Amino acid sequence: MQNKIKTVQQHILDEERMHPGATGDFTALLTTLTLAAKIISREVNKAGLVKILGETGEVNVHGEAVQKLDEFAQQTVCRAMGHNGHLCVMASEEAQNIIPIPDGSTRGKYVLMFDPLDGSSNIDVNACIGTIFSIHHKITKDHEDGSLEDCLQKGSDQIGAGYFIYGSSTMMVYTTGNGVHGFTLDPSLGEFLLSHENIRTPARGKIYSINEGNMHFWDAGTRRYIEHLKEDRKDRGHPYSLRYIGSLVADFHRNLLKGGIFLYPGPKGKLRLLYEASPLAMIVEQAGGAASTGEQRILDIQPTSLHERVPLIIGSREDVEQYNQFYKEAQKSAAD
Ligand code: AHG
Ligand code: MN
Ligand code: MN
């Protein structure tokens, strides 16, 4: 059966109608976000021509060189979202503190946290990059402005999560808790059209994604697990294949569709909980997969700071569960 022709706005509206008393605010919020993504996508697709490649010369809160496109994406999301009247506060990888809603703009009931450009190290080599977002309800009651407390919520309390991926085509993948749906941008229409309805990730994959250059920093459980994947075992056939682009969104998206496991293990991990791990964890669980630190479910973690990092093991459920076993057994034998 041919794909129905449906824009992401229509899809979001249909989903919102399933929630009694829905006001359409959430649809307006996500629609504005797609506008920001279209602008970022346009710049990404011509970055090499408009002197927007390279570094700004600044360093962000994580000590990472800020790319011009990072800054462009950050400004684009803030300028589009700050005035849409549905947010009480924002937080971004590229801003040390929470981002208040500009004076004079209406405050709303939602919180938006985002990684404006994920995979920055790949920007000037034309590899796949993306934008990741997480949406919560405002929980503080004392005044209309959101606060840090509104940002530091568990991933299990997200009301929406998604990402845009700027690759051979630009796609939006999101969930509001009713499955995971993918939309592909038709640049000639300027619309994201439904292309991947109700994405389900395979229970087990044949791909693993990890930066093997960090091998000497891995814990014993991770080392044993990766060695296990490389064995040519009778019970499993050929070993897994390593695929690692170095952009979380790209590695995650490929494994979501094909099956597989992405690992950025501890001890502390590099990836940030609020706007990388949590939103992707909501998506992968909604698609039938799993996301853990090795010890606990990502969505159960109570955040304590805006930019806190976590180990991230995410993808096909059986692969993640097997990793967790290796990790826990190694922890146990180290303790004995
Ligand atoms: P960002 O560009 O938003 O800082 O994210 C980069 C992250 C993530 O996209 C990717 O999975 C990871 O960094 C790659 O890290 P290594 O280069 O250490 O493998
Ligand atoms: Mn990132
Ligand atoms: Mn980033």
Side-chain angles (χ1 to χ4, degrees), residues 33 36-37 40-41 43-44 47 52-56 58-78 90-96 99 112-134 155 161-167 173 207-218 222 226 242-256 260-281 283-284 291 293 298 306-315:
L33 205 49
I40 296 168
S41 171
E43 289 307 298
V44 164
I52 199 168
L53 289 178
E55 299 179 357
T56 59
E58 285 131 48
V59 169
N60 67 14
V61 61
H62 315 279
E64 297 156 344
V66 178
Q67 303 287 333
K68 288 177 186 165
L69 214 46
D70 279 328
E71 190 51 41
F72 177 83
Q74 164 74 2
Q75 292 311 321
T76 301
V77 175
C78 288
M90 289 188 277
S92 164
E93 174 192 298
E94 299 303 337
Q96 175 141 5
I99 305 167
L112 173 69
M113 295 185 282
F114 58 98
D115 177 356
L117 210 79
D118 173 67
S120 307
S121 62
N122 278 326
I123 289 173
D124 44 6
V125 294
N126 203 24
C128 203
I129 51 184
T131 299
I132 310 171
F133 63 90
S134 166
Y163 57 85
F164 297 95
I165 182 166
Y166 313 110
V173 175
I207 292 170
Y208 74 100
S209 306
I210 191 167
N211 182 341
E212 295 243 354
N214 296 330
M215 181 187 295
H216 296 296
F217 303 111
W218 295 344
T222 300
I226 298 298
L242 171 59
R243 294 284 182 275
Y244 194 71
I245 299 170
S247 296
L248 172 60
V249 170
D251 285 315
F252 174 83
H253 184 71
R254 177 201 53 244
N255 294 356
L256 180 75
I261 184 169
F262 172 95
L263 310 96
Y264 212 105
K268 271 172 42 67
K270 169 182 182 182
L271 300 171
R272 280 62 51 130
L273 175 60
L274 286 177
Y275 41 79
E276 289 176 314
S278 274
L280 298 186
I283 290 172
V284 84
T293 63
I298 292 288
L306 214 45
H307 301 292
E308 78 182 73
R309 300 169 190 266
V310 289
L312 178 62
I313 317 299
I314 188 167

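Position 1 is the first residue of the sequence; numbering continues from there. Order of appearance sets the numbers: ligands from 1, and atoms from 1 within every ligand. Just so it is clear, the structure is predicted and the values come from calculations on it, not from any experiment.
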Numbered in order shown, the ligand 1 atoms found under 4.0 Å of a heavy atom of Asp115 are 3 (O)
Run the side chain to side chain contact (heavy atoms under 4.5 Å, CB included) check on Phe262 and Val284 step by step: do they pass?
CA-CA 11 Å; Phe262 172 95; Val284 84; over 6 Å; no
All salt bridge (charged side-chain N to carboxylate O under 4.0 Å, His left out) counterparts of Glu276, not counting sequence neighbours
Arg272
What's within reach of the Mn ion (ligand 2), meaning protein N/O/S atoms under 2.8 Å?
Asp115 OD2, Asp118 OD1, Glu276 OE2
Given that the side chain starts at C-beta and the backbone is N, CA, C, O, which of these parts of Ser247 lies under 4.0 Å from ligand 1, counting heavy atoms, or is it both or neither?
backbone
Please give me the minimum heavy-atom distance between Phe217 and Pro267, naming the atom from each residue.
O-CD, 4.2 Å
At a non-hydrogen distance cut-off of under 4.0 Å, which region of Asn211 contacts ligand 1 (side chain, backbone, both, or neither)?
side chain
Examine distances only and state if a side-chain atom of Ser278 and a backbone atom of Leu274 form a donor-acceptor pair shorter than 3.5 Å.
no
Let me confirm one number: the OH-CD1 distance from Tyr264 to Ile210, rounded to the nearest 0.5 Å.
9.0 Å
Just jot down the side chain to side chain donor-acceptor pair (under 3.5 Å) partners of Gln96, sequence neighbours excluded, or say none.
none
Among protein heavy atoms, which lies nearest atom 9 (O) of ligand 1, and at what distance?
Asp118 OD1, 2.7 Å
Nearest neighbour in protein (non-hydrogen) for atom 1 (P) of ligand 1:
Gly119 N, 3.6 Å
What residue and atom, counting heavy atoms only, is the protein's closest point to atom 15 (O) of ligand 1, and at what distance?
Lys270 NZ, 2.9 Å
With a cutoff of 4.0 Å, is Glu276 in contact with ligand 1, counting heavy atoms of the residue only?
yes
Pairs of nitrogen or oxygen atoms closer than 3.5 Å, one from Leu271 and one from ligand 1: do any exist?
no
Any idea which part of Arg272 is under 4.0 Å from ligand 1, heavy-atom wise: side chain, backbone, both or neither?
side chain
So which heavy atom in the protein is nearest atom 10 (C) of ligand 1, and how far is it from that ligand atom?
Gly246 O, 3.3 Å
Side chain, backbone, both or neither: which applies to Asn214 and ligand 1 if a contact is any heavy-atom pair less than 4.0 Å apart?
neither
Those residues at least two apart in sequence (or on a different chain) that pass side chain to side chain donor-acceptor pair (under 3.5 Å) with Asn211 are none
If you measure from CG on Asp118 to OH on Tyr166, what distance do you get to the nearest 0.5 Å?
10.5 Å
For atom 11 (O) of ligand 1, grab the closest protein heavy atom and report residue, atom and distance to one decimal in Å.
Leu248 N, 3.3 Å
Heavy-atom nearest neighbour in the protein, as seen from atom 14 (C) of ligand 1, with distance rounded to 0.1 Å
Tyr244 OH, 3.4 Å
Of all protein heavy atoms, the one nearest atom 18 (O) of ligand 1 is Tyr264 OH, 2.6 Å
Quick one: OG on Ser92 to CG on Asp115, what's the gap to the nearest 0.5 Å?
7.0 Å
Test item: His62 side-chain N/O and Glu93 main-chain N/O as donor-acceptor pair under 3.5 Å:
yes
Looking at Glu94 and Pro116, what are the two nearest heavy atoms and their distance?
CG-CG, 3.6 Å
Under 4.0 Å from one or more heavy atoms of Ser120, ligand 1 contributes atoms 2 (O)
Under 4.0 Å to a heavy atom of Leu117 - the qualifying atoms of ligand 1, by number:
2 (O), 3 (O)
Check each atom of ligand 1 against the heavy atoms of Phe262 and keep those under 4.0 Å away; list them by number with element.
11 (O)
Shortest non-hydrogen contact from Gly266 toward Pro311
N-CB, 3.5 Å
Nearest heavy-atom contact between Asn122 and Ile245 is ND2-O, 3.1 Å
Proximity to ligand 1 by part of Phe252, non-hydrogen separation under 4.0 Å:
neither
How many angstroms lie between CG in Leu256 and OH in Tyr163, if you round to the nearest 0.5 Å?
5.0 Å
If every non-hydrogen atom of Ala281 is compared with every non-hydrogen atom of Ile314, which pair is closest and at what distance?
N-CD1, 3.8 Å
Measure the distances from the heavy atoms of Ser121 to every atom of ligand 1 and state whether one is below 4.0 angstrom.
no
